[in-house]
Amino acid sequence: MSRDGTRRGGPRPGAGRKLRDRDEMVLEGRIEAPGVDLPSAALSGRDMPDVHDHLKRVQEDGGQFQAEQVFEETWRWLAARGAEESVGRQLVEQYAMTVARWIQCEDAVSKYGFIAKHPTTGAPIASPYVAMGREYLRQANQSWWQIWQIVKEMGGQGSGEDRSDPMEAILSQG
């Protein structure tokens with residue numbers, strides 16, 4: 001280090017032998033790929049669990065809550081990809097509940113419209129069902145992306161169907 005506090009001399013940035021990617025060395029057989037020891041018994045799927053009662057309750061307006069159907073469809077989708085053991089039941093229930101609430105809000109918007117009457121002034125205001133529906137949709141999407149990430153990391157994107165991401169296919173060709 002010189003008197004003014006700067007470093008001088010030494011190897012220049014980027015000089016020297018280029019480092020090789022670990023993936024290349026694994027492919028060439030120079031090093032072993034790190035692996036995970038799996039149990040000797042193969043993982044097997046299980047039957048769909050019974051749907052909890054809170055997903056089947058009749059709503060205050062007398063309508064059927066659709067969370068049960070969403071739960072069953074999502075569970076079948078996970079089972080087709082072999083991911084029902086990896087994705088927690090609570091996450092699937094949360095997703096089903098928020099999707100069902102979003103459907104309820106959309107039904108209310110269809111029934112009552114986009115404009116409501118202010119409770120005290122009587123002036124027209126935006127329907128509160130629109131904002132609630134938007135929030136439930138945001139929560140449902142967030143839950144879905146958590147589920148999808150688990151399935152994607154497991155490699156369970158297919159079950160006879162091509163569900164690969166086109167951008168990933170293009171990038172992996174290089």
Looking only at heavy atoms, the pair that brings Ala140 and Val99 closest together is CB-CG2, 3.7 Å
In chain order, what residues pass the side-chain contact (heavy atoms from CB on, under 4.5 Å) check against Thr121, with sequence neighbours excluded? His118, Ala123
dist Ser143:OG -> Gln90:CD (nearest 0.5 Å) comes out at 10.5 Å
Who are the side-chain contact (heavy atoms from CB on, under 4.5 Å) partners of Leu78, not counting sequence neighbours? Thr74, Ala83, Glu84, Val87, Val92, Ile147, Val151
Using 0.5 Å steps for rounding, measure from the OH atom of Tyr112 to the CG atom of Asp107. 10.5 Å
I need the single residue from Met97, Glu93, Arg76 that forms a side-chain contact (heavy atoms from CB on, under 4.5 Å) with Phe71. Which is it? Glu93
In Å and rounded to the nearest 0.5 Å, what is the CD to CD distance from Glu73 to Gln66? 9.5 Å
Verify the cluster assignment for Phe114 and Ile125: are they in a single hydrophobic cluster under the rule of side-chain heavy atoms below 4.5 Å apart? no
Please name all residues satisfying side chain to side chain donor-acceptor pair (under 3.5 Å) with Gln146, sequence neighbours left out, ordered by chain then number. none
For Ala96 against Ala67, the heavy-atom pair lying closest together: CB-O, 3.5 Å
Does anything in residues 92-111 form a ring pair (Phe, Tyr, Trp, His ring centres under 6.0 Å)? List the pairs, not counting sequence neighbours. Tyr95-Trp144
Per-pair distances, 0.1 Å, donor-acceptor, side chain in residues 128-137, under 3.5 Å, sequence neighbours excluded:
residue : atom : partner : partner atom : Å
Glu135  : OE1  : Arg138  : NE           : 3.4
Glu135  : OE2  : Arg138  : NE           : 3.3
Glu135  : OE2  : Arg138  : NH2          : 2.5

Which heavy-atom pair separates Gly113 from Ser127 by the least distance, and what is that distance? O-CB, 3.6 Å
Considering non-hydrogen atoms only, spot the tightest contact between Ile150 and Ser86 and give its length. CG2-CB, 4.0 Å
Gln149 and Glu153 side chains, donor-acceptor separation under 3.5 Å: yes
Residues that Ser110 engages under side chain to side chain donor-acceptor pair (under 3.5 Å), provided they are two or more places apart: none
